[in-house]
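Structure record follows, encoded as structure tokens.
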Amino acid sequence: FLIKEGNMADTVTGPTILQQNDKRVVIKIVNQSDGNGGTTVFADVSALAANKNGQSVTTVSLQRVWWSCANGDGGDSFARLDYEDSDGDIPIATLVDSGYWDLREFGGIPANTTSNSNQNDVNFVVPGAADSGNTYTVIAEFIKNY
């Protein structure tokens with residue numbers, strides 16, 4: 001699927017749900033930038049499976065994240081995970097170079113519901129400073145909150 005920005009478009013594979021049960025969901029995305037930046041809904045809360053009692057997911061909390069941001073000149077090869085909010089997205093984490101964070105020891109990063117207009121989805125954001133050809137791979141595990 002493609003994110004359109006001007007006359008070009010990022011090449012985006014995913015987001016793909018790798019694993020999902022009543023407690024958690026693991027999602028993967030791969031993005032090749034066209035150099036214009038872009039935003040893709042990464043964790044669409046309303047599209048996640050309800051639990052065995054039929055309750056819908058209301059928010060997700062980031063537990064672990066694996067990432068690789070490659071091919072830039074070092075200063076522009078980064079990405080972000082943000083909580084979607086119509087008043088301006090709320091940053092969760094900036095992902096630079098490659099790495100792995102395990103946030104489970106302290107319960108992860110909870111959903112930010114401080115704004116009345118919070119949409120509760122998580123967005124994957126490539127900055128406008130990205131070079132054409134920069135590639136980003138992110139796999140994230142979230143706890144599903146009901």
Side-chain angles (χ1 to χ4, degrees), residues 1-5 9-34 36-72 74-131 133-146:
F1 112 25
L2 300 177
I3 303 300
K4 300 226 181 263
E5 297 286 339
D10 285 358
T11 302
V12 181
T13 304
T16 304
I17 294 177
L18 301 177
Q19 182 182 51
Q20 181 173 199
N21 57 37
D22 278 2
K23 183 175 179 176
R24 69 186 191 137
V25 61
V26 178
I27 304 170
K28 175 187 175 191
I29 194 167
V30 178
N31 179 303
Q32 182 176 359
S33 178
D34 67 355
N36 291 308
T39 299
T40 305
V41 176
F42 183 66
D44 183 351
V45 171
S46 65
L48 296 176
N51 67 14
K52 63 184 175 188
N53 297 324
Q55 296 172 301
S56 297
V57 178
T58 56
T59 62
V60 292
S61 301
L62 182 63
Q63 299 297 296
R64 295 190 287 179
V65 61
W66 298 258
W67 74 91
S68 174
C69 302
N71 298 341
D76 62 7
S77 190
F78 66 94
R80 280 194 338 261
L81 292 178
D82 290 354
Y83 285 113
E84 184 176 306
D85 189 88
S86 61
D87 291 339
D89 288 355
I90 303 165
I92 302 169
T94 299
L95 310 173
V96 179
D97 196 24
S98 63
Y100 166 69
W101 289 339
D102 187 338
L103 311 167
R104 297 174 298 173
E105 185 174 330
F106 55 87
I109 298 175
N112 187 329
T113 57
T114 58
S115 174
N116 291 330
S117 61
N118 193 289
Q119 305 300 309
N120 300 321
D121 292 339
V122 173
N123 289 331
F124 174 75
V125 180
V126 173
D131 290 334
N134 283 11
T135 57
Y136 308 88
T137 303
V138 177
I139 300 171
E141 175 186 329
F142 298 93
I143 291 294
K144 295 165 60 175
N145 304 306
Y146 299 93

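Values below: every heavy atom of this structure, side chains too, minus hydrogens, waters and symmetry copies.
- The CD1 atom of I109 sits 9.5 Å away from the OG atom of S61 when rounded to the nearest 0.5 Å.
- The structure places OG1 of T13 at 9.0 Å from CD of Q32, a figure rounded to the nearest 0.5 Å.
- Scanning all heavy atoms of the two residues, the minimum distance from L62 to Y83 falls at N-OH, 4.1 Å.
- Atoms CG and CG, from D89 and N112 in turn, are 11.0 Å apart once rounded to the nearest 0.5 Å.
- Residues forming a side chain to side chain donor-acceptor pair (under 3.5 Å) with N51 (at least two apart in sequence, or on another chain): Q55.
- By the 4.5 Å heavy-atom criterion applied to side chains, I143 and K23 are counted as neighbours.
- Taking the side chain to side chain donor-acceptor pair (under 3.5 Å) definition, one finds that D102 meets it with Y100, R104, sequence neighbours left out.
- Side-chain N/O atoms of Y136 and N134 include a donor and acceptor closer than 3.5 Å.
- Using cut-offs of 30° and 60° on the angle between ring planes, the pair F124 and F42 is tilted.
- Pairing each heavy atom of A9 with each of D34, the nearest pair is N-OD2, 3.0 Å.
- Of the possible polar contacts, one joining the Q63 side chain to the G107 backbone as a donor-acceptor pair under 3.5 Å is found.
- Note that the CG atom of L48 and the CG atom of D22 stand 11.5 Å from one another [nearest 0.5 Å].
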Task: Candidate pair V30 and T135, rule side-chain contact (heavy atoms from CB on, under 4.5 Å), full reasoning - done: CA-CA 7 Å; V30 178; T135 57; 5.8 Å; no
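- Residues V57 and N120 form no side-chain contact, since every pair of their non-hydrogen atoms from C-beta on lies 4.5 Å or further apart.
- Residues passing the side chain to side chain donor-acceptor pair (under 3.5 Å) test with Q19, sequence neighbours excluded: R24.
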Open item on the list: Using the rule given for side-chain contact (heavy atoms from CB on, under 4.5 Å), can you reason through F142 versus V45, listing the C-alpha separation, both sets of side-chain angles and the distance that settles it, and then say yes or no?
Closed with: CA-CA 11 Å; F142 298 93; V45 171; over 6 Å; no
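- D10 approaches S33 most closely through the heavy-atom pair OD1-CA, 3.4 Å.
- Inter-residue side-chain proximity for V138 and V65 is flagged as met; some heavy-atom pair is nearer than 4.5 Å.
- Contact record, D82 with P91: OD1-CA, 3.2 Å, taken as the closest heavy-atom pair.
- Checking T59 against N145 by side-chain atom types alone, a donor-acceptor pair falls below 3.5 Å.
- Nearest heavy atom pair, residue N123 against residue E84, reads OD1-OE1, 3.1 Å.
- Put simply, the side chain of K144 gets close to the backbone of A49: a donor and an acceptor are under 3.5 Å apart.
- Note that CD of E141 is 11.0 Å distant from CG of L18, once rounded to the nearest 0.5 Å.
- Within the model, atoms CD1 of I27 and CD of Q20 stand 8.0 Å from one another, a figure rounded to the nearest 0.5 Å.
- The nearest pair of heavy atoms linking S46 to D121 is N-OD1, 4.2 Å.
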